[in-house]
**Student:** 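First the structure, then my questions, so here it is.
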Amino acid sequence: MEMLSYMQQFVEVARMKNFRAAALSLDMPIATLSRHVSNLEKAVGLRLLNRSTRRVELTDAGEVYFLRCQSIVAEALIAHEALRDVAERPTGTLRVSMPVDLAIGHLGPILRDFAVAYPLIDFDLDLTPRRIDMQTEAFDLAIRIGPLPAASANLIARPIASLPRYLYASPDYLKKAPPIKHVKDLAHHEFCTLPSSSQQDDIKVLYRGEESVEVKVPTRFCVNSVGMARVLASLGMGIAVMHTELARDDVAAGRLRRVLPEWRMAPLEVHAVTATRLLPARARLFIDFLKSRITTT
């Protein structure tokens, strides 16, 4: 059991590449952590880490050992979680990174219901827009919307939902702006859109059944928050592209109206991204819960 504990601590140091950060993550003194890793190196008879004052790096032997230890430690943790599953009392802290707009505009009620269903699970939610490093940061999973970056090739992406997107504008805007009877009329309107990596950011493709139409639209406001685009649209500053759940309250209150309701944009794919296929019970339960509850209409 002591050796397994040493292996778990070595894995954390290797992931963090820093003894201080690993010690904080493991909630133990740095000196104790350093001694345990040294004991592990003596036991295997090889140097696993090259240490410096600021950073540690894996040796060649350490790289091989880290890959094996990572799976062994993960299997051991899953075995413990399986016992909790049998008892139907999953516990621990669920650490999740998720987009701000999706969390605030969509996931609040889902999180509430999940917390009620599993009262022994605590939550550590990261709602910053930054892309966390799943390999080095202690998160169970990250919720991601849209195309996954190339860096995700080493991660496991589980599909959760596909969110349809439509065009929305305020009644005041639609009253003052040129009439919109066809997709091509959008070329004469202003948009509140999110940044894009595409070379043709102002080209929108809309779909109606099997039919698709491209139209070049002028962007007045380019913002990195769909929530802010929603606010601007509700204030009459242009047309915004949103999934239905985010626009629901504003539509019900009469602040927004769907534009060209029979047309839609390409849906947004939502994934749960993890660093491993071996997940603790709390993470697996949460992913399944999201799949069953996220509205896709």
Side-chain angles (χ1 to χ4, degrees), residues 1-81 92-99 122 124-144 146-158 197 271-284 287:
M1 197 65 183
E2 183 180 69
M3 184 61 69
L4 181 60
S5 178
Y6 288 174
M7 291 167 67
Q8 181 184 11
Q9 293 165 29
F10 163 70
V11 166
E12 197 66 15
V13 173
R15 287 177 61 238
M16 298 289 190
K17 292 184 168 55
N18 183 285
F19 271 92
R20 182 178 297 278
L24 286 172
S25 174
L26 294 166
D27 193 22
M28 65 188 300
I30 298 177
T32 302
L33 176 59
S34 180
R35 184 174 69 254
H36 288 177
V37 173
S38 294
N39 290 343
L40 181 64
E41 289 178 318
K42 290 175 184 176
V44 300
L46 292 168
R47 178 175 289 280
L48 302 173
L49 299 170
N50 289 320
R51 299 160 172 81
S52 69
T53 55
R54 294 185 178 181
R55 190 177 176 86
V56 297
E57 296 288 348
L58 289 166
T59 63
D60 291 343
E63 288 277 4
V64 175
Y65 195 63
F66 170 63
L67 293 175
R68 296 301 301 273
C69 284
Q70 205 174 21
S71 60
I72 292 170
V73 168
E75 288 280 7
L77 291 174
I78 295 302
H80 283 288
E81 289 290 343
T93 299
L94 178 67
R95 296 180 173 86
V96 186
S97 171
M98 58 181 70
D122 297 323
D124 184 351
L125 307 178
D126 180 282
L127 270 61
T128 59
R130 71 186 182 91
R131 292 275 178 170
I132 64 166
D133 186 341
M134 293 295 296
Q135 301 287 356
T136 62
E137 299 186 62
F139 283 90
D140 292 306
L141 66 139
I143 306 300
R144 292 288 173 256
L148 296 172
S152 299
N154 296 324
L155 302 175
I156 310 301
R158 295 170 172 81
S197 58
H271 292 86
V273 179
T274 63
T276 175
R277 295 186 185 279
L278 301 171
L279 300 178
R282 59 183 179 272
R284 287 186 283 107
I287 291 172

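A quick note: this is a predicted structure, and the numbers were derived from the prediction, not measured.
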**Student:** Determine yes or no for a side-chain-to-main-chain donor-acceptor pair under 3.5 angstrom, with S34 supplying the side chain and I30 the backbone.
**Tutor:** no
**Student:** Do L279 and I287 have side chains that get closer than 4.5 Å, going by heavy atoms?
**Tutor:** yes
**Student:** Got L33 and V13 here, is their nearest side-chain heavy-atom distance under 4.5 Å?
**Tutor:** yes
**Student:** Could you go through the side-chain contact (heavy atoms from CB on, under 4.5 Å) check for L48 and L40 one step at a time?
**Tutor:** CA-CA 9 Å; L48 302 173; L40 181 64; 4.1 Å; yes
**Student:** Starting from the C-alpha separation in whole Å, work towards a yes-or-no answer on side-chain contact (heavy atoms from CB on, under 4.5 Å) for R282 and T93.
**Tutor:** CA-CA 8 Å; R282 59 183 179 272; T93 299; 5.5 Å; no
**Student:** Measuring from atom CG of D140 to atom OG of S97, what distance do you get when rounded to the nearest 0.5 angstrom?
**Tutor:**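 It is 11.5 Å, given to the nearest 0.5 Å.
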**Student:** If you define the side chain from C-beta out and look only at heavy atoms, does anything of E12 sit under 4.5 Å from M16?
**Tutor:** yes
**Student:** Taking the side chain as every heavy atom from C-beta outward, state whether L49 and F19 have any pair of such atoms under 4.5 Å apart.
**Tutor:** yes
**Student:** Is there a donor-acceptor pair closer than 3.5 Å between any side-chain N or O of Q9 and the backbone N or O of T32?
**Tutor:**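 No: the side chain of Q9 does not pair with the backbone of T32.
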**Student:** Determine whether I143 and V96 make a side-chain contact, defined as any pair of heavy atoms from C-beta on separated by less than 4.5 Å.
**Tutor:**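 Counting from C-beta outward, I143 and V96 do come under 4.5 Å.
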**Student:** Show, in sequence, the C-alpha distance, side-chain angles and deciding distance for E41 and R51, and conclude whether the salt bridge (Lys or Arg N to Asp or Glu O under 4.0 Å) test is met.
**Tutor:** CA-CA 13 Å; E41 289 178 318; R51 299 160 172 81; 3.1 Å; yes
**Student:** Report yes if some heavy atom in the side chain of K17 is under 4.5 Å from a heavy atom in the side chain of E57; otherwise report no.
**Tutor:** yes
**Student:** If you take all heavy atoms of P29 and A23, which pair is closest and at what distance?
**Tutor:**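 Between these two residues, the closest heavy atoms are C-CB, 4.3 Å.
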**Student:** For the CG atom of L94 and the CG atom of L125, what is their distance to the nearest 0.5 Å?
**Tutor:** 7.0 Å
**Student:** Atom OG1 in T59, atom CG in L46: separation rounded to 0.5 Å?
**Tutor:**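 Reported to 0.5 Å precision, the distance equals 7.5 Å.
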**Student:** Tell me, with the steps shown, if D126 and M98 meet side-chain contact (heavy atoms from CB on, under 4.5 Å).
**Tutor:** CA-CA 6 Å; D126 180 282; M98 58 181 70; over 6 Å; no
**Student:** Taking atom OG of S25 and atom CZ of R15, what is their separation to the nearest 0.5 Å?
**Tutor:** 7.0 Å
**Student:** Taking C-beta and beyond as the side chain, do R35 and N39 meet within less than 4.5 Å on heavy atoms?
**Tutor:** yes
**Student:** For a quick test of reading the model, state the closest non-hydrogen atom pair linking A283 to L141 and the distance between them.
**Tutor:** CB-CD2, 4.0 Å
**Student:** Would you find a donor on one side and an acceptor on the other, under 3.5 Å apart, between the side chain of R144 and the backbone of A272?
**Tutor:** no
**Student:** Quick one, M28 and H36 - any side-chain contact, counting heavy atoms below 4.5 Å?
**Tutor:**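 Contact flag for M28/H36 side chains = yes.
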**Student:** Taking all non-hydrogen atoms of both residues, which atom of I156 and which atom of T276 are closest, and how far apart?
**Tutor:**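 Shortest heavy-atom contact: CG1-C, 3.9 Å.
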**Student:** Quick check: closest heavy atoms across A14 and F66, and the distance to 0.1 Å?
**Tutor:**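 Smallest interatomic distance, heavy atoms only, reads CB-CD1, 3.4 Å.
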**Student:** Would you say the side-chain atoms of S71 pair up with the backbone N or O of R68, donor to acceptor, closer than 3.5 Å?
**Tutor:**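 A pair under 3.5 Å: yes.
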**Student:** Check the angle between the aromatic planes of F10 and Y65 and answer parallel, tilted or perpendicular using the 30° and 60° thresholds.
**Tutor:**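 Rings of F10 and Y65: tilted, as their planes differ by 30° to 60°.
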